[in-house]
Amino acid sequence: MNHAMQEFVRTTGDLLNCRQVRMMGRWKHHGRVTTLDHSLFVAYLSFRAARALGLDAAAAARGGLLHDLYLYDSRDKSAHPGWQCFDHPRAAARNAEGVTELTQKERNIILSHMWPLGGQLPRSWEAWLVDVVDTLCAGLELAGVCRPQRLRERLGVRPLAAACV
């Protein structure tokens, strides 16, 4: 594991070992990519970009990891109240607050990651960064250009579910 990955693990280790975070491996998010793999991909790229830009890399990593912590099958309309793209940031923020204390910046990262489709306006450079990185990662995943599960495997994060729904 390279130095950047080691620093990322130190920054997010409490979350990487959290049952609820590892539960994201149960559901598909973009095509064949699980919500866990997508969230790790967003968190790690946001962490690296924030470090390179001199921003708060810890907030970008933690907010990026928790941005989709909604813990249900997004295709199941009975699992969420309205439109998934508009509603899931609030569910993710509620769940994240249940597993860790969030800074205001981390909370805004989670709530604003779907802007302008829904949620809050990003209020920090880190929130803008995660919003852009999330969109980029989703596009790469849907196009089949990358395999974010390789990052999860290199980090040694094991999802709680062996198979996805």
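Nothing fancy with the numbering, it's 1 onward along the sequence.
- Take Asn95 and apply the side-chain contact (heavy atoms from CB on, under 4.5 Å) test, not counting sequence neighbours, and it matches Leu69, Leu71.
- The closest side-chain heavy-atom distance from Leu151 to Met5 is below 4.5 Å.
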Practice item. Determine, stepwise, if the pair Ser112 / Asp131 fulfils side chain to side chain contact (heavy atoms under 4.5 Å, CB included). Key: CA-CA 7 Å; Ser112 66; Asp131 185 38; 5.8 Å; no
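- Residues meeting the side-chain contact (heavy atoms from CB on, under 4.5 Å) test with Val132, sequence neighbours left out: none.
- Across all their heavy atoms, Leu102 and Ala93 have their closest contact at CD1-O, 4.2 Å.
- Placement of Leu16 and Val42 in two distinct hydrophobic clusters is found when ILVMFWY residues are connected by side-chain heavy-atom separations under 4.5 Å, directly or transitively.
- Across all their heavy atoms, Ala50 and Leu129 have their closest contact at N-CD2, 3.6 Å.
- Summarising the geometry of Gly63 relative to Ile110, their closest heavy-atom pair is O-CG1, 3.9 Å, with the distance given to 0.1 Å.
- Residue Leu111 belongs to no hydrophobic cluster, having no ILVMFWY side-chain heavy atom closer than 4.5 Å to its own.
- Legend: residues meeting salt bridge (charged side-chain N to carboxylate O under 4.0 Å, His left out) with Glu7, ordered by chain and number and at least two apart, are Arg51.
- Here the closest non-hydrogen pair linking Ile109 and Ala59 is CD1-O, 3.3 Å.
- Checking His88 against His67 by side-chain atom types alone, no donor-acceptor pair falls below 3.5 Å.
- To the nearest 0.5 Å, atoms CZ (Arg22) and CG (Leu160) are separated by 4.0 Å.
- Taken from CD in Gln20 to CG in Leu15, the straight-line distance is 10.5 Å, to the nearest 0.5 Å.
- In this structure, the separation between CD on Gln149 and CZ on Phe41 is 10.5 Å, given to the nearest 0.5 Å.
- A search for ring pair (Phe, Tyr, Trp, His ring centres under 6.0 Å) contacts involving Trp115 returns Trp128, not counting sequence neighbours.
- With sequence neighbours excluded, the residues satisfying salt bridge (charged side-chain N to carboxylate O under 4.0 Å, His left out) with Arg107 are Glu97.
- Minimum heavy-atom separation, Phe47 to Ala57: CD1-O, 3.5 Å.
- Between Leu65 atom CG and Glu106 atom CD the span is 10.5 Å, to the nearest 0.5 Å.
- For Tyr44, the ring pair (Phe, Tyr, Trp, His ring centres under 6.0 Å) partners two or more places apart in sequence, or in a different chain, are Phe8.
- Atom CD of Glu141 is separated from atom OG1 of Thr34 by 8.5 Å, given to the nearest 0.5 angstrom.
- In this structure a side-chain-to-backbone donor-acceptor pair under 3.5 Å is missing from Thr100 to Ala96.
- No side-chain donor-acceptor contact under 3.5 Å links Asp134 to the backbone of Val130.
- Applying the salt bridge (charged side-chain N to carboxylate O under 4.0 Å, His left out) criterion to Asp56, with sequence neighbours excluded, gives Lys105.
- Applying the salt bridge (Lys or Arg N to Asp or Glu O under 4.0 Å) definition to pairs two or more places apart or across chains, those involving residues 8-21 are Asp14-Arg62.
- By the side-chain contact (heavy atoms from CB on, under 4.5 Å) test, Arg123 pairs with Asn108, Gln120, sequence neighbours left out.
- Hydrophobic clustering (side-chain heavy atoms under 4.5 Å, transitive across Ile, Leu, Val, Met, Phe, Trp, Tyr) keeps Leu155 apart from Leu45.
- How far NE2 of His38 is from CG of Leu140: 11.0 Å, rounded to the nearest 0.5 Å.
- A chain of hydrophobic side-chain contacts below 4.5 Å, direct or via other Ile, Leu, Val, Met, Phe, Trp or Tyr residues, connects Val145 to Leu136.
- Under a hydrophobic clustering in which Ile, Leu, Val, Met, Phe, Trp and Tyr are joined whenever their side-chain heavy atoms come within less than 4.5 Å, directly or via other members, Trp27 and Leu66 fall into the same cluster.
- The shortest non-hydrogen separation linking Leu36 to Gly25 is CB-N, 3.4 Å.
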